[in-house]
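All remarks here apply to the structure that follows.
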Amino acid sequence: MNNLYFYVGIIGNIISVLMFLSPVKTFWRIVKKGSTEEFESLPYICTLLNSSLWTYYGLTKPGSYLVATVNGFGIVVEIVYISLFLIYAPPRTRAKTAKVAGIVDVLVFVGTVVVTQFGMEGEMRINVIGFMGAALNIVMFASPLSVMKLVWTTKSVEYMPFLLSLFLFLNGGVWTFYAFLVQDWYLGVPNGTGFILGFAQLALYSIYYKSKVISDDLDDGWQHRHLLPPSTSNHTQPEPV
């Protein structure tokens with residue numbers, strides 16, 4: 001059983017790495033054009049906090065090093081994304097991005113570490129970190145609902161990239177299975193949600209893919225909205241845990 005959950009975790013790590021790297025094309029476009037255009041930084045800011053929380057969780061909970069390693073990789077990738085965004089964003093957007101990143105990724109995360117390290121211990125500390133990570137994941141997993149509604153309304157999958165939907169489905173399934181093997185429901189609940197939403201997106205894709213609108217911005221369209229509903233909903237998938 002130990003070997004099984006280890007190999008499942010390795011597979012989950014590989015899929016998660018692919019998901020973390022999925023926005024590379026977007027940032028290559030930003031670098032080439034020397035502008036962030038209308039792309040939004042909030043998805044990457046939230047994903048950095050998410051990766052930080054799960055890395056902290058993996059380091060705190062015994063035997064969860066697979067969770068820590070992949071999310072540690074996620075921290076590095078998201079820092080690179082946010083740094084590029086800060087370099088190429090116009091001054092006003094750069095200032096706003098820096099302010100939000102400072103509050104979310106520094107103050108919130110550091111505050112969480114300080115409170116849990118000095119105010120809690122043992123299982124309580126692990127439970128609080130796990131609950132916070134799961135709650136943030138579930139909020140981030142709400143973002144596919146907006147793109148699914150758009151597909152249903154427009155009868156087009158232009159702004160629902162197939163690979164992201166596929167990775168969401170695979171990532172959610174593998175990590176849900178891993179969570180079942182190690183009896184970790186803080187991992188299981190949000191990833192189970194991602195698995196179900198990924199399946200629903202693939203089902204919608206299979207129905208409407210023939211009406212797909214051809215566009216040069218096909219792989220980037222999901223980036224033009226925010227991440228969190230209702231005033232900040234984005235056509236992006238959340239990063240894995």
Side-chain angles (χ1 to χ4, degrees), residues 16 19-31 33-56 71 73-112 132-151 158-161 163-165 167-168 171 190 193-194 197-198 201 217-241:
S16 296
M19 287 190 67
F20 279 127
L21 294 177
S22 62
V24 165
K25 183 177 179 181
T26 295
F27 281 90
W28 178 243
R29 168 176 166 170
I30 288 174
V31 171
K33 292 195 173 186
S35 171
T36 56
E37 302 176 274
E38 296 182 30
F39 293 114
E40 299 292 344
S41 60
L42 188 59
Y44 311 105
I45 292 172
C46 291
T47 303
L48 177 55
L49 174 61
N50 189 57
S51 296
S52 300
L53 286 173
W54 284 114
T55 300
Y56 181 37
N71 282 285
F73 174 80
I75 290 174
V76 174
V77 172
E78 298 305 323
I79 289 176
V80 171
Y81 291 157
I82 294 171
S83 298
L84 288 173
F85 198 95
L86 289 171
I87 292 171
Y88 292 104
R92 186 173 180 179
T93 302
R94 183 184 301 122
K96 180 181 177 181
T97 298
K99 180 179 179 180
V100 174
I103 293 172
V104 173
D105 294 324
V106 179
L107 293 182
V108 172
F109 179 66
V110 170
T112 300
M132 289 182 64
L136 180 58
N137 258 29
I138 291 173
V139 172
M140 292 175 68
F141 274 131
S143 62
L145 297 176
S146 63
V147 72
M148 291 169 68
K149 180 180 178 181
L150 182 67
V151 170
E158 180 179 8
Y159 293 110
M160 189 174 71
L163 287 179
L164 284 173
S165 300
F167 284 143
L168 176 64
N171 187 74
T193 303
L197 289 175
Q201 288 189 46
D217 297 333
L218 177 61
D219 295 326
D220 304 316
W222 60 277
Q223 296 283 358
H224 284 264
R225 298 198 180 193
H226 295 273
L227 179 67
L228 305 177
S231 60
T232 53
S233 61
N234 177 28
H235 294 164
T236 184
Q237 311 292 359
E239 302 289 358
V241 298

| side chain to side chain contact (heavy atoms under 4.5 Å, CB included) between Phe39 and Arg29: does it pass, once the steps are laid out? | CA-CA 11 Å; Phe39 293 114; Arg29 168 176 166 170; 3.9 Å; yes

| query | Side chain of Thr47, backbone of Tyr44: donor and acceptor closer than 3.5 Å? | reply | no

| query | Once you round to the nearest 0.5 Å, how far does CD1 of Ile75 lie from CG of Leu48? | reply | 6.5 Å

| message | Is there a side-chain contact between Ile30 and Leu84 in this structure, where contact means two heavy atoms from C-beta onward sitting under 4.5 Å apart? | response | no

| request: Please round to the nearest 0.5 Å and tell me the distance separating atom CG of Leu49 and atom CD of Glu78. | output: 11.0 Å

| Looking at residues at least two apart in the chain, or sitting in another chain, which of them share a side-chain contact (heavy atoms from CB on, under 4.5 Å) with Val24? | Leu21, Tyr81

| Who pairs with Thr93 by side chain to side chain donor-acceptor pair (under 3.5 Å), at least two apart in sequence or on another chain? | none

| Hey, does Arg94 have a side-chain heavy atom less than 4.5 Å from the side chain of Pro91? | yes

| field | Partner set under side-chain contact (heavy atoms from CB on, under 4.5 Å) for Val110, not counting sequence neighbours | value | Val106, Val114

| request: With sequence neighbours left out, write down each residue that passes side-chain contact (heavy atoms from CB on, under 4.5 Å) with Val76, or none if nothing qualifies. | output: none

| query | Does some side-chain heavy atom of Ser52 sit less than 4.5 Å from a side-chain heavy atom of Phe109? | reply | yes

| Is there a side-chain contact between Leu197 and Met148, using heavy atoms and a 4.5 Å cut-off? | yes

| said: Under a 3.5 Å distance rule, please check whether Asn71 uses its side chain to pair with a backbone N or O of Trp54 as donor and acceptor. | reply: no

| query | How far apart are the closest heavy atoms of Leu86 and Ala98, and which atoms are they? | reply | CD2-N, 3.9 Å

| task | For side chain to side chain contact (heavy atoms under 4.5 Å, CB included), just list the numbers for Ser16 and Phe73, CA-CA rounded to whole Å, side-chain angles, deciding distance to a tenth of an Å, and then say yes or no. | result | CA-CA 10 Å; Ser16 296; Phe73 174 80; over 6 Å; no

| Is there side-chain contact between Ile82 and Asp105, with heavy atoms separated by less than 4.5 Å? | yes

| message | Just so I know, are the side chains of Leu136 and Pro190 near enough to count as touching, which here means a heavy-atom distance under 4.5 Å? | response | no

| request: Could you list the residues that satisfy side chain to side chain donor-acceptor pair (under 3.5 Å) with Tyr56, not counting sequence neighbours? | output: Thr116, Gln117

| note | In terms of heavy-atom contacts, Leu168 and Gln201 come closest through CD2-NE2, 3.5 Å

| note | side-chain contact (heavy atoms from CB on, under 4.5 Å) filter on Ser41, not counting sequence neighbours, yields Ile45, Phe85, Thr97

